[in-house]
Every structure is written in structure tokens, then in C-alpha cells.
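For the numbers below, each heavy atom of this structure counts, side chains included, while hydrogens, waters and symmetry mates do not. Keep in mind the model is a prediction, meaning the values are calculated, not measured. Each chain gets a letter, A, B and so on, in the order its sequence line appears, and its residues count up from 1.
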Protein chains: 2
Amino acid sequence: MASDTYTRILDTAQSLIVNRGYNAFSYADISAALGIGKATIHHHFPGKADLVVAVIARYRQATEDGLGAMAAREPRAGRRLAGYVGFWEQCIRDNNAPFCIAALLAAELPSLPAEVAEQVKAHFDELTARLTGFIDEGLRKGELTSTEDAERSARILVATVHGAMLAARVAGGDAELYASITAPALQRLTREIAST
Amino acid sequence: MASDTYTRILDTAQSLIVNRGYNAFSYADISAALGIGKATIHHHFPGKADLVVAVIARYRQATEDGLGAMAAREPRAGRRLAGYVGFWEQCIRDNNAPFCIAALLAAELPSLPAEVAEQVKAHFDELTARLTGFIDEGLRKGELTSTEDAERSARILVATVHGAMLAARVAGGDAELYASITAPALQRLTREIAST
DNA sequence: GGGAGTCTACCGACTAGTTGGTCTGTCGTC
DNA sequence: GACGACAGACCAACTAGTCGGTAGACTCCC
């Protein structure tokens, strides 16, 4: 289905978005990186918005798959959340894709084409819903404690993760800084039952 | 000193950056908004990087002045932090400048000119230092409680605020959402002595 | 008082390069 | 011979930035 070139265009676009955002990458960048004609990119993705929508759609799917797989193998809510938070710590440490493209695009939101903006919003909704599910389950099982309801806890966690990414980026890709900011956000939910 | 045109260019550039970032605004935008020639902008700011550096420098100064003034009039640490957090809630509610330009530029950091990147980093350092001072003083006076040291607490607060801005922007400028995410971050520091 | 020179603020017209996007083709494969 | 995958050449619009010039204010000197 998805041809090799098609996938490589998506890959390149994604890595360009990770560290330049929507407005600072061009068809020429992808063309040069892959050694293909610009027209080839237009053949697979008629417009820039189509390309970026496809990137985020794939990203959303990967996120859903990843979180779903983790939920299947890890029943403990605290570990699930730690898995999500730790995933990004590893990304920053490896410096491969050290930023959530949806968070970056969210910052640029007012300047994005409508279709792209919708995808970004959808990612936030999905991610929040997934984490809300984890937290809700954890609270009901007594594995987690929180003074807020599950959804609010999830939003706080996501915000902290995104803010910590920003801080780490400013600090030159400092994974320790990311961890030191996010760790207390996890502890907040697992406190007093940490030694389970 | 600072002529009227000079200031208006800065104002316009700042508001363009707030909702488009560095790469998605142009001299032509400012030129059109103010009804002046593009060459006039170049007269005051030789290059785009110079312009944006000037915007952030002024922004940093305003932040320092604002936080300094608040510290002078409000001795209670908890209120100082609430003032910082509440400032952005009001900005989002009024929809005038509903995003911290330094946070937005931080996301775009890898694609920014070096001089601009430096200014962004400097803002983060200054802001963290200021809040660290507030928290440190609050802890020593017994007005605040924290399981982490003051600097780490400050970084967590900043990250939460930035993450909450992102969430609010995605939600279409939802100030309530911003508040619901940031409020617990403040409570974390003021808990058990809230009724002072 | 009146030039003559100088400075700042500003603008219209321009440039070289880049942007996203199109058109017309040529391959190879089924 | 139709079709998907690709590319070269092209396009209009836009990018940051330059150039030469003008209009006004502020000197300084006679």
C-alpha cells in the first residue's frame, strides 16, 4: 500500500516538523534530503496541508497503538503513566525526536491551515482520553490517589510533560531536567502507595 | 528616545509572534498593519533577527519590571506566585496576548537565529530565577511547603504554566482550562497553610 | 538672518532567492 | 495501452534585504 517513497516523505516531514514546526520547513527541504523531485512530493501529497495532516494522522495512530500495547502488557496504572512520561525522556535522551509534534504545532495553532489544526486538537483529545482512562482505572483500583478527578489529572500530566519538553529544549536537550520536572507530577498521583 | 514608529513596529511584531511564531510573520505583515514602507522597518531594525531580539529584550524587561513591582507590593510568597499564574489567566481571558512569546519561540528554537535563541534562553533563566527567589523566601518564612528545592519547584511551575497555555490554545482560548490545570500546581506549594 | 552641511526618518522601486504548486512529459509494469 | 511513480522545467507570489532618494529638523559659521 504505502510505497517506500511515500513513507520516506512522511518520515522526513515528521523529523523536519519536530524541530522546525509547520512554517519553517519546505518541499525543497524534503526534496533535497531524499534526493527526489519536488513534484514527486506533490504527487503523493497534493498540498503541504495534506502532507502534514498525513504526518499527524500517522503520529496519532502510533500514539494510540503504543499506549494501547502498553496498557495490554502493563496492568498497573502508575507504571502506565510512568511509561508515557518515560517514553519522552528517552526520546530527549536519544535526541531522535525530542519533541511532540502535536505540542509544537499547538503553539503555532493560529497560523495553521484548518485541517491541520483539527488533527492537532484531535491528538490532544485522544491523548487526554487515554490517560484519563489509565488514571480513572488506577483511582478505582486504589492504585492512585488524587485530589482532582481523572480527566483533570490527565490534563495536568500532559501539560507538565509538554512544559518539561519545552524546558528541556531550551536547556539544549537536557533529559535530566525533563525528568526532574515530570517526576513529581507522577509522584503526586502515586504518593503513599509508591511501595506497592 | 524610542520614536513612535519604532515602538509601533515592536508592538506589531510582538502581537504577530504571539500567534504565528518567528517563521510565519513577515516584514510585509508589519508594513501592511501599520501602513508604512518595508524599508522603514529595515531602517529601525536592520534584519528580522534584530527586530525579534528587540521584541524579546523588551518583553524580558517588562517581565522583570512586572514581577519586581509585584514583589514590592505583595510580601506573601503564595500571592506572588498566584499573581504570576493569574496574569496569564487574564491574558487568555482577554485574548490580547494569550501566549508567552518566549514559550512559543522555545518550541521553534532549533530553527531560530542564534541571537534570538539566546534571548529566549535568557528569558527562561531570568523567569526561573525570579520565581525561585519567591519560592525560596516563602519556604524560609514557612509560607510555602515543598518536597523539592526552590529551583525545581520554580521549574515545575513554569512548565505547568506553559503546558497549560498550550492546552488552553488548543481548546480555543479556554481560560477555565488553563486555571484548572495551574491551580493544583499552586496548591501544591501552599497546601496546609492555605488559610493564612 | 541665511546659507551650507549633516542627521534622522522615511519611502518607492528594486533584487536575488525561496515558497507552494502546476504542466508536460518519460519511464516501467501489469 | 493504460496506469502509477516519478522528474524537469516552469510559474506567480512571496521572502528578507538593498538602493537611491526626499523631506524635515538641527546645527555651525559667516
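A sub-4.0 Å separation between OP1 or OP2 of D:dC14 and a side-chain N or O of B:S26 is absent. In terms of phosphate contacts, A:S3 brings no side-chain nitrogen or oxygen within less than 4.0 Å of OP1 or OP2 of D:dA5.
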Steps toward ring-ring contact (aromatic ring centres under 6.0 Å, His included) verdict (B:F124, B:H162): CA-CA 11 Å; B:F124 269 74; B:H162 289 161; 5.3 Å; yes
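Annotation: side chain of B:I9 is in contact with side chain of B:F45 (closest heavy-atom distance under 4.5 Å). Inter-residue side-chain proximity for A:V161 and A:Y178 is flagged as met; some heavy-atom pair is nearer than 4.5 Å. Between B:P110 and A:R20 the shortest side-chain heavy-atom distance does not fall below 4.5 Å. Proximity of B:L51 to B:I30: side-chain heavy atoms (C-beta onward) are separated by under 4.5 Å at one or more points.
Among the atoms of the strands shown, none is found under 4.0 Å from any heavy atom of B:F45. B:Y6 comes within 4.0 angstrom of no nucleic acid atom, judged by non-hydrogen atoms across all strands.
Using a cutoff of 4.0 Å between basic side-chain nitrogens and carboxylate oxygens, A:E126 and A:R130 are not scored as salt-bridged.
If you check residues 108-118 of chain B against DNA chain C, you find no residue with a heavy atom closer than 4.0 Å. Residues of residues 27-43 of chain A that place a heavy atom closer than 4.0 Å to DNA chain C, in numerical order, are A:Y27, A:A28, A:K38, A:A39, A:H42.
Checking A:T182 against A:T160 by side-chain atom types alone, no donor-acceptor pair falls below 3.5 Å. Using modelled atom types and a 3.5 Å distance limit, the side chains of B:S111 and A:N19 yield no donor-acceptor pair.
Considering only the side chain of B:K48, D:dA16 comes nearest among D:dA16, C:dT19, C:dC10.
Computed from coordinates, the B:H44 NE2 to D:dG17 P distance equals 16 Å when rounded to whole Å. For B:D50 and D:dA16, the CG to P distance is 13 Å, given to the nearest whole Å.
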